[in-house]
Student: 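Could you have a look at this structure, given as structure tokens, before my questions?
Every chain is numbered from 1 and lettered A, B, ... according to where its sequence line falls, protein lines coming before strand lines.
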2 protein chains.
Amino acid sequence: MNKSEALSERAGNETSDLSKARLRAWLQILKVSRKIEGELREKMRLEFGSTLPRFDVLAALYRERDGMRMSELSKSLMVSNGNVTGIVDRLVAEGLVVRMPVENDRRASIVRLTKAGEKDFAERALVHEGWVSDLFSDLSSADADALIRILRNISHHNEAPHHD
Amino acid sequence: MNKSEALSERAGNETSDLSKARLRAWLQILKVSRKIEGELREKMRLEFGSTLPRFDVLAALYRERDGMRMSELSKSLMVSNGNVTGIVDRLVAEGLVVRMPVENDRRASIVRLTKAGEKDFAERALVHEGWVSDLFSDLSSADADALIRILRNISHHNEAPHHD
DNA sequence: CGTAGATATTTCAAACTTAAAATATTTGTG
DNA sequence: CACAAATATTTTAAGTTTGAAATATCTACG
């Protein structure tokens with residue numbers, strides 16, 4: 001903490017300039033995140049008749065071609081278990097994923113892309129990357145790197161503490 | 001576009017390194033945004049028995065002490081009209097805001113903080129700023145400024161085009 | 001072996017969210 | 001003035017999301 005920060009934090013409850021800068025940073029993250037997400041949601045709906053949560057599940061499964069457990073999926077997407085149940089139900093109804101039993105554990109199931117799911121996602125992912133690149137067309141390569149570095153710092157600091 | 005980018009974009013559908021860097025940047029924004037939002041949601045629930053959407057509405061109204069129309073609120077928060085209706089209904093039930101008729105326009109109504117809403121929000125806002133500062137405690141002043149600058153660039157490029 | 005506790009998932013109720021339809025009111029134009 | 005178009009908001013249906021409770025199954029320990 002430097003001198004002016006120390007000075008501005010003298011009395012118990014006042015908030016420092018640094019604290020205010022961090023709050024502004026958070027609000028700006030939120031703003032960009034909402035705006036981009038809104039744009040992508042609309043494109044996803046108009047172009048593919050689908051939704052972002054479903055896209056996210058397909059993306060996770062595309063990275064793990066052998067499939068994932070429900071719990072792995074929800075952990076990877078940072079959403080609750082119950083949430084993933086509903087999304088996967090809809091993707092199953094659309095024929096894009098299947099649930100398969102797990103050998104030696106009848107509590108669990110593994111979710112996998114179907115052939116159709118793989119094909120659909122590969123196509124959507126390309127188009128999606130184009131949308132993102134357009135929405136971020138003012139983001140230079142250097143700024144992208146800076147952004148990623150700064151955000152990774154924040155992520156790492158808030159990593160869920162693992163159990164021992 | 002530099003030489004290697006031009007080279008890597010030769011055939012129709014391949015995606016450039018820049019496009020991939022932008023996608024990574026977007027995924028990182030999303031990751032941080034979800035993580036922080038999850039933390040804040042939980043704290044808001046445990047500490048105040050409330051939610052982030054309600055906090056956001058209170059915050060907007062705290063900045064506009066004379067109140068805002070429903071449509072101004074939804075625009076300011078970048079959410080749909082119907083969404084705000086429900087949140088405001090709950091805040092009215094909690095006694096934190098009121099709906100008032102608008103002189104000369106019986107379609108509209110103005111939403112304002114009550115005394116209790118003002119008092120509650122002022123208290124919550126201080127604590128909230130502290131939470132954010134803790135969650136971003138690895139974010140230096142310089143990085144906060146860089147982050148804000150880069151994100152503002154992105155925001156501005158995606159500003160909703162105003163009607164004439 | 002029996003069973004208490006742990007684990008994986010689903011179900012549930014409540015809240016949030018959107019897009020579109022419905023309602024109510026105002027404004028502008030002939 | 002009449003009334004079509006515009007505006008402000010609410011309602012509705014469908015989907016997403018959470019946190020907690022319920023189910024089903026597995027594991028470990030006596």
Student: Between A/Gly86 and A/Arg106, just flag the one whose closest nucleotide in DNA chain D comes earlier from the 5' side.
Tutor: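 The 5'-side residue here is A/Gly86.
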Student: In whole angstrom, what separates A/Met44's CE from C/dT18's P?
Tutor: 16 Å
Student: Are any side-chain N or O atoms of B/Arg22 and backbone N or O atoms of A/Ser137, one a donor and one an acceptor, separated by less than 3.5 Å?
Tutor: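 The answer is yes, because a donor-acceptor pair under 3.5 Å joins these two groups.
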Student: Hey, are the side chains of B/Leu58 and B/Val97 touching, using non-hydrogen atoms and a 4.5 Å cut-off?
Tutor: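 Yes; the side chains approach each other to less than 4.5 Å.
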Student: Rounding to an integer number of Å, can you tell me how far A/Leu46 CG sits from C/dA20 C1'?
Tutor: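 Computing the A/Leu46:CG to C/dA20:C1' distance gives 13 Å.
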Student: Tell me whether the OP1 or OP2 atom of D/dT17 has a side-chain N or O from B/Arg41 closer than 4.0 Å.
Tutor: no
Student: Atom CZ of A/Arg34 and atom C1' of C/dT18: how far apart are they, to the nearest Å?
Tutor: 14 Å
Student: Is B/Arg65 positioned over the aromatic face of B/Tyr62, cation under 6.0 angstrom from the ring centre and no more than 45 degrees off axis?
Tutor: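 So B/Arg65 does make the cation-pi contact.
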Student: On DNA chain C, check which nucleotide each of B/Arg90 and A/Arg99 is closest to and give me the residue with the more 5' one.
Tutor: A/Arg99
Student: B/Asn81 CG to C/dT23 P: how many Å, rounded?
Tutor: 17 Å
Student: Kindly determine whether A/Arg54 and A/Asp120 satisfy salt bridge (charged side-chain N to carboxylate O under 4.0 Å, His left out), including the steps that lead there.
Tutor: CA-CA 12 Å; A/Arg54 290 177 209 182; A/Asp120 271 28; over 6 Å; no
Student: Apply side-chain contact (heavy atoms from CB on, under 4.5 Å) to B/Leu73 and B/Leu61, showing your working.
Tutor: CA-CA 8 Å; B/Leu73 256 179; B/Leu61 295 176; 4.3 Å; yes
Student: Looking at A/Asp134 and A/Lys43, is any side-chain nitrogen of the basic one under 4.0 Å from a carboxylate oxygen of the acidic one?
Tutor: no
Student: Nearest-Å distance, CD (A/Glu103) to P (D/dC26)?
Tutor: 11 Å
Student: Indicate the atoms forming the closest heavy-atom contact of A/Ile154 with B/Leu147, along with that distance.
Tutor: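 Result for this residue pair: CD1-CD2, 4.3 Å.
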Student: With distance as the sole criterion, do the side chain of B/Arg107 and the base of C/dT26 form a donor-acceptor contact below 3.5 Å?
Tutor: no
Student: Reckon A/Thr85 has a side-chain N or O less than 4.0 Å from the OP1 or OP2 of C/dT11?
Tutor: no
Student: Return whichever of B/Glu37 or B/Asp105 has its heavy-atom-nearest nucleotide of DNA chain C closer to the 5' end.
Tutor: B/Glu37
Student: Using whole Å, what does the distance between atom P of nucleotide C/dT17 and atom CG of B/Leu73 come to?
Tutor: 13 Å
Student: Picking from C/dT9, C/dA15, C/dT18, which would you name as closest to the side chain of A/Ala108?
Tutor: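 Between C/dT9, C/dA15, C/dT18, the one nearest the side chain of A/Ala108 would be C/dT9.
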Student: Determine whether B/Trp26 and A/Trp131 fall in the same hydrophobic cluster, where Ile, Leu, Val, Met, Phe, Trp and Tyr are linked whenever their side-chain heavy atoms lie under 4.5 Å apart.
Tutor: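 Yes: a chain of side-chain contacts under 4.5 Å links B/Trp26 to A/Trp131.
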Student: Of all of residues 60-70 of chain A, which get a heavy atom below 4.0 angstrom from DNA chain C, listed by number?
Tutor: A/Arg69, A/Met70
Student: Closer than 4.0 Å, any side-chain N/O of A/Asn83 to the OP1 or OP2 of D/dT16?
Tutor: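 Checking A/Asn83 against D/dT16: no side-chain N or O falls below 4.0 Å of OP1 or OP2.
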Student: Strictly below 4.0 Å: does A/Arg45 bring a side-chain N or O up to OP1 or OP2 of C/dA20?
Tutor: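 Yes, within the criterion.
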Student: To the nearest angstrom, how far is B/Glu72 atom CD from D/dT7 atom P?
Tutor: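 After rounding, the reported distance stands at 15 Å.
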Student: Could you give the CD1-to-P distance, from B/Ile110 to D/dA8, as a whole number of Å?
Tutor: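 In whole Å, D/dA8 P and B/Ile110 CD1 are 12 Å from each other.
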Student: When you measure from the side-chain N and O atoms of B/Ser71 to the phosphate of D/dT9, is any distance below 4.0 Å, counting only OP1 and OP2?
Tutor: yes
